[in-house]
Amino acid sequence: QVQLVESGGGLVQPGGSLRLSCSASGTIFSRNAMGWYRQAPGKQRELVATITSVGSTNYADSVKGRCTISTDNAKNTVYLQMNSLKPEDTAVYYCNADVNRINPLTGWSRYWGQGTQVTVSS
């Protein structure tokens with residue numbers, strides 16, 4: 001059974017930075033695309049960034065230029081470096097180990113982590 005554990009969230013001031021980590025255990029297919037998503041209270045979960053097995057990345061327009069997704073395959077970990085944080089970045093951030101198999105209608109996936117809270121406030 002695959003387990004994903006996010007960490008690195010917390011309370012930061014606007015303009016600050018955080019690095020989120022997602023550590024995976026269990027069997028992860030090497031060709032899976034990984035990603036970070038976020039969900040603010042009262043809003044639907046939205047894509048933040050994805051990275052393919054060959055390192056191609058995509059970012060939501062709202063975080064482009066402020067956010068970098070990366071992986072460390074030896075550690076079975078995916079990271080999200082977030083800079084110049086804004087209050088609107090406040091959300092629970094979730095990682096996913098196979099973004100191309102997320103149900104497009106319901107958002108269901110076998111490979112969501114438990115989430116880590118990011119709060120940006122002065």
Side-chain angles (χ1 to χ4, degrees):
Q1 189 76 264
V2 172
Q3 290 186 299
L4 304 172
V5 179
E6 300 98 330
S7 62
L11 174 63
V12 296
Q13 294 183 345
S17 298
L18 285 174
R19 190 184 75 161
L20 308 183
S21 299
C22 175
S23 297
S25 61
T27 301
I28 302 292
F29 292 109
S30 62
R31 294 184 180 183
N32 289 2
M34 309 293 183
W36 286 94
Y37 294 71
R38 67 187 182 186
Q39 188 166 22
K43 301 184 68 176
Q44 60 185 290
R45 194 169 298 185
E46 64 180 5
L47 181 145
V48 178
T50 60
I51 185 166
T52 72
S53 61
V54 295
S56 298
T57 58
N58 282 290
Y59 299 94
D61 289 342
S62 59
V63 304
K64 197 169 298 180
R66 302 187 296 117
C67 203
T68 303
I69 187 171
S70 62
T71 58
D72 185 336
N73 291 332
K75 297 181 179 180
N76 215 19
T77 300
V78 59
Y79 302 97
L80 185 69
Q81 177 69 45
M82 300 188 293
N83 302 318
S84 301
L85 284 163
K86 305 173 181 179
E88 50 263 45
D89 295 318
T90 296
V92 177
Y93 284 70
Y94 300 89
C95 68
N96 188 280
D98 192 0
V99 302
N100 292 317
R101 297 189 68 184
I102 298 171
N103 187 302
L105 297 178
T106 67
W108 184 89
S109 172
R110 297 182 186 273
Y111 304 122
W112 290 114
Q114 87 288 349
T116 185
Q117 177 72 50
V118 171
T119 302
V120 184
S121 176
S122 60

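Just so you know, residue 1 is the first one in the sequence shown, and it goes up from there.
- To the nearest 0.5 Å, the span separating OG on Ser25 from CG on Leu4 amounts to 7.5 Å.
- Inter-residue side-chain proximity for Met34 and Val99 is flagged as unmet; no heavy-atom pair is nearer than 4.5 Å.
- Side-chain contact between Tyr59 and Thr68 is present, with at least one heavy-atom pair separated by less than 4.5 Å.
- The backbone N or O of Ala97 lies less than 3.5 Å from a partner atom in the side chain of Asn32, making a donor-acceptor pair.
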Given side-chain contact (heavy atoms from CB on, under 4.5 Å), test Trp36 with Ile69 step by step and report yes or no. CA-CA 8 Å; Trp36 286 94; Ile69 187 171; 3.7 Å; yes
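- Side-chain N or O atoms of Asn76 include one that pairs as donor or acceptor with a backbone N or O of Ala24 at under 3.5 Å.
- Side-chain contact, Asp72 with Thr77: no donor N or O sits under 3.5 Å from an acceptor N or O.
- With respect to Arg110 and Asp98, no salt bridge is recorded, no charged nitrogen being found less than 4.0 Å from a carboxylate O.
- Note: the hydrophobic cluster containing Ile51 does not contain Tyr79 (ILVMFWY, side chain heavy atoms under 4.5 Å, direct or indirect links).
- Annotation: side chain of Pro14 is in contact with side chain of Pro87 (closest heavy-atom distance under 4.5 Å).
- Side-chain atoms of Thr119 do not come within 3.5 Å of backbone N or O of Thr90 as any donor-acceptor pair.
- Taking CG of Asn83 as the reference point, atom SG of Cys67 lies at 8.0 Å (rounded to 0.5 Å).
- The shortest distance between side-chain heavy atoms of Val118 and Leu18 falls below 4.5 Å.
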Applying side-chain contact (heavy atoms from CB on, under 4.5 Å) to Ile102 and Trp108, what does each step give before you reach the verdict? CA-CA 6 Å; Ile102 298 171; Trp108 184 89; over 6 Å; no
Before you tell me yes or no, could you show the steps for Gln117 and Tyr93 under side-chain contact (heavy atoms from CB on, under 4.5 Å), namely the whole-Å CA-CA distance, both residues' side-chain angles and the distance that decides it to 0.1 Å? CA-CA 6 Å; Gln117 177 72 50; Tyr93 284 70; over 6 Å; no
side-chain contact (heavy atoms from CB on, under 4.5 Å), that's the test. Do Ser7 and Gln114 meet it? Break it down for me. CA-CA 10 Å; Ser7 62; Gln114 87 288 349; over 6 Å; no
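- For the pair Arg38/Ser62, a side-chain contact is recorded, criterion being any heavy-atom separation below 4.5 Å from C-beta on.
- Here the side chain of Thr116 pairs a donor or acceptor atom with the backbone of Gly9 at under 3.5 angstrom.
- In the hydrophobic clustering of ILVMFWY residues, with side-chain heavy atoms under 4.5 Å counting as a link, Trp112 and Leu47 come out together.
- Smallest separation of non-hydrogen atoms from Leu80 and Ala49: CD1-CB, 4.2 Å.
- To the nearest 0.5 angstrom, Ser17 atom OG is 6.0 Å from Gln81 atom CD.
- One finds a salt bridge joining Lys64 and Asp61 here, because a Lys/Arg side-chain nitrogen approaches an Asp/Glu carboxylate oxygen to under 4.0 Å.
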Between Tyr37 and Arg45, does a side-chain hydrogen bond (donor to acceptor under 3.5 Å, both in side chains) hold up when you go through it step by step? CA-CA 7 Å; Tyr37 294 71; Arg45 194 169 298 185; over 6 Å; no
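- Considering every non-hydrogen atom in both Ala91 and Ala40, the closest pair reads CB-N, 3.8 Å.
- Residue Gln44 qualifies as open at atom CD: its count of foreign heavy atoms under 6.0 Å is 12 or below.
- Residues Glu6 and Tyr94 have side chains in contact (heavy-atom distance under 4.5 Å, counting atoms from C-beta outward).
- Atom OG of residue Ser109 and atom CG of residue Asn103 lie 9.5 Å apart, to the nearest 0.5 angstrom.
- Counting all heavy atoms, side chain and backbone alike, Leu85 lies closest to Met82 at CD2-CB, 3.8 Å.
- Using a 4.5 Å heavy-atom threshold, the side chains of Thr57 and Thr50 count as separate.
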